[in-house]
Protein chains: 2
Amino acid sequence: MPRPATVSPEQILDAAALEFSERGYAGARVDRIARRAGVNKAMLYYHFGSKQSLYRALLRWIFSRAADRLLPIAAAAVPADEKIARVISAIAAFTAEHAFFPAIMLREVADGGVHLDPDTLQALARVPMVVGGVVRQGVADGTLRRVHPMTAYFSMLAPIVFFLAGEPIRKQLAARRLANMASLTPEVFVDELQQTVRLALAPSAPRASAAGRRHAHNRSSLRRKRL
Amino acid sequence: MPRPATVSPEQILDAAALEFSERGYAGARVDRIARRAGVNKAMLYYHFGSKQSLYRALLRWIFSRAADRLLPIAAAAVPADEKIARVISAIAAFTAEHAFFPAIMLREVADGGVHLDPDTLQALARVPMVVGGVVRQGVADGTLRRVHPMTAYFSMLAPIVFFLAGEPIRKQLAARRLANMASLTPEVFVDELQQTVRLALAPSAPRASAAGRRHAHNRSSLRRKRL
DNA sequence: GTCTATACTTCGATAGAC
DNA sequence: GTCTATCGAAGTATAGAC
């Protein structure tokens, strides 16, 4: 019983990605998704049941793909700081292919996960899990300084996602001459962010040849309770 | 002709802040805002004219207050890296007083500014302006390494906003046992982020006594075209 | 300034023919 | 599997009495 190779479901997901990323869950219109997908609204309901199911299917799909993209980076035989640079590049590359990804992520955080069922939540959690694992390993083998893995996660992921999602508003600011960040292209930003994060997470002692020192001690005393 | 000192407009703004931050512009319901404010829906329209005007008034109000909070930090007579640590603290403190702020910010970035008129856009632009000024000054006097001011802006603001806005979803993740970040309280996070950003933006040469060195040169050669 | 009642529109979802 | 037509709920906004 081969899969009914008509043309709809993937096209619907693509259209839904655009619509949901541009307008959010509440602002998205089922009619518009159907029209953008070139299918009938009833067709959409036939395949996905409801607006909510469609949204969840989209989130599972996009976050699973994102996490899958990061897995080989986490598994590579390179130091943690190099993995982190690659994660940043990978998010940027992933966004170049799926431009709607950053806005979806911002919106889901802002929505507090109210539309998510357990399966979707789990798919969504894989991204911080993978990145956190990279950091934890780097901290353990002394390649990175001691930080909470989730601090490192937010320090690298939030800027790149925020920046990429912010392109439309930067254009508005430029059009109104309220700011001009045209020189800050995604390429430049990725490059600077990689260096920024590398410096931020480097062990505090000068610069060993990436070999294992046990702990990186902080200069500033009264921090660090536990991770 | 004294201002009609009835009780409504501020209460409406407060209620609107909650509703818009929780649901976004499209998801917010005028009826709910009115009910939360304890006023009639017609009263709301009497004071603000439309859902859109109310939303814009809210954004102008909250972003102006945020920028006003940062101004004295930018003007203080302390090194740029200390100002940056204070900016991070200030955003966290501001959010403690106005819990809806981070979600509003995320949503507005994701929405690409589609609901904004020029005045509101200008109010919104003041926050990156002030922070960018701090960084530019720090780069100029050698207190910070050479980065694009907006790279620094995103590196400090995106993580704190993202983290603070993400509290609801972290609770969901914890409830489903998909992650437990309970040890990462806002206090710990702010502390770690301050140190992270300080390291990320410190001049690359060892550590002068905060006095003026002209330029901080990067180790890595082929970066840095212009800022 | 404040409230009730309601006009007008849009949206998610389905019925039912093919 | 696909389409047209439409229902019923919910939403923004206003009219008009007080």
Side-chain angles (χ1 to χ4, degrees), chain A residues 1-60 104 107-108 110-111 114-117 120, chain B residues 1-60 104 107-108 110-111 114-117 120:
Chain A
M1 230 168 280
R3 189 160 304 114
T6 29
V7 254
S8 313
E10 293 79 11
Q11 300 173 1
I12 294 175
L13 267 188
D14 285 350
L18 277 179
E19 177 75 5
F20 282 123
S21 72
E22 288 174 3
R23 317 245 184 182
Y25 180 79
R29 298 295 167 244
V30 175
D31 310 60
R32 247 190 318 246
I33 296 175
R35 186 157 35 79
R36 284 177 140 173
V39 305
N40 194 280
K41 190 164 55 157
M43 200 69 256
L44 187 155
Y45 279 101
Y46 174 79
H47 281 296
F48 290 94
S50 72
K51 182 184 182 179
Q52 190 177 59
S53 309
L54 173 58
Y55 183 67
R56 288 171 174 172
L58 168 65
L59 288 191
R60 282 194 299 274
I104 292 271
R107 291 186 193 282
E108 207 40 52
D111 281 345
V114 285
H115 314 107
L116 305 181
D117 60 319
T120 310
Chain B
M1 234 165 279
R3 189 161 304 113
T6 32
V7 254
S8 313
E10 293 79 11
Q11 300 174 0
I12 294 175
L13 267 187
D14 285 350
L18 277 179
E19 177 74 7
F20 282 123
S21 73
E22 287 173 4
R23 317 246 184 183
Y25 180 79
R29 297 294 167 245
V30 174
D31 310 59
R32 248 191 317 246
I33 296 175
R35 188 158 34 78
R36 284 177 139 172
V39 305
N40 193 280
K41 191 166 51 159
M43 199 71 257
L44 188 154
Y45 280 101
Y46 174 79
H47 281 296
F48 290 95
S50 72
K51 182 183 181 181
Q52 190 177 59
S53 310
L54 172 59
Y55 183 67
R56 288 170 173 173
L58 168 66
L59 288 191
R60 282 194 299 275
I104 292 272
R107 290 187 193 281
E108 207 40 52
D111 281 345
V114 287
H115 314 108
L116 306 181
D117 60 319
T120 310

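Here is the naming used below: chain letters follow the sequence lines, and residue numbers restart at 1 for every chain.
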Can you list the residues that meet the salt bridge (Lys or Arg N to Asp or Glu O under 4.0 Å) rule with [X], with sequence neighbours excluded?
X	result
B:K41	B:D31
A:R29	none
B:R60	B:D117

Phosphate OP1/OP2 of D:dT14 contacted by B:Y45 side-chain N/O (<4.0 Å):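 So the side chain of B:Y45 is outside the cut-off, no N or O lying under 4.0 Å from OP1 or OP2 of D:dT14.
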
Specify the separation, in whole Å, of atom [atom1] of [X] and atom [atom2] of [N].
X	N	atom1	atom2	result
B:L44	D:dT14	CG	P	12 Å
B:M43	D:dC18	CE	P	18 Å
A:Q11	D:dT2	CD	P	10 Å

Closest to the [X] side chain: [options]?
X	options	result
A:D31	C:dT2, D:dT12, C:dC11	C:dC11
B:V30	C:dT2, D:dG1, D:dT12	D:dT12
B:K51	D:dT2, D:dA13, C:dG12	D:dA13

Any A:L54 side-chain heavy atom under 4.5 Å of A:V30 side chain: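 No - every pair of side-chain heavy atoms lies 4.5 Å or more apart.
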
Residues which pass side chain to side chain donor-acceptor pair (under 3.5 Å) with A:R32, listed by chain and number, not counting sequence neighbours: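 Per chain and number, A:R32 pairs via side chain to side chain donor-acceptor pair (under 3.5 Å) with A:E19.
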
Those residues that, when tested against A:E108, pass side chain to side chain donor-acceptor pair (under 3.5 Å) (two or more places apart):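 If we apply the side chain to side chain donor-acceptor pair (under 3.5 Å) test to A:E108, skipping adjacent residues, the hits are A:Y55.
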
Passing option when B:H47 is tested against B:V39, B:L13, B:I12 for side-chain contact (heavy atoms from CB on, under 4.5 Å):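 Exactly one candidate clears the test, B:I12.
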
Upstream residue (5' side of DNA chain C) when B:V39 and A:G49 are each assigned their closest nucleotide: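 The residue mapped nearer the 5' terminus is B:V39.
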
Any residue meeting side-chain contact (heavy atoms from CB on, under 4.5 Å) with B:A15, in chain and number order, not counting sequence neighbours: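 Result, side-chain contact (heavy atoms from CB on, under 4.5 Å) vs B:A15: B:I33, B:R36, B:A37.
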
Sugar-phosphate, base or nothing in reach of B:A28, heavy atoms under 4.0 Å: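 Since only primed, P, OP1 and OP2 atoms lie under 4.0 Å of B:A28, the category is sugar-phosphate.
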
Interface residues of residues 13-25 of chain B with DNA chain D (non-hydrogen, below 4.0 angstrom):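 The answer is none.
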
Just the atom pairs and distances: protein N or O near nucleotides 4-10 of chain C's N or O, under 3.5 Å.
from  : atom 1 : to    : atom 2 : distance (Å)
C:dT4 : OP2    : B:N40 : ND2    : 3.2

Pairs flagged by salt bridge (Lys or Arg N to Asp or Glu O under 4.0 Å) wherever residues 43-54 of chain B is involved - sequence neighbours left out: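 For residues 43-54 of chain B, and leaving out neighbouring residues, there are no salt bridge (Lys or Arg N to Asp or Glu O under 4.0 Å) pairs at all.
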
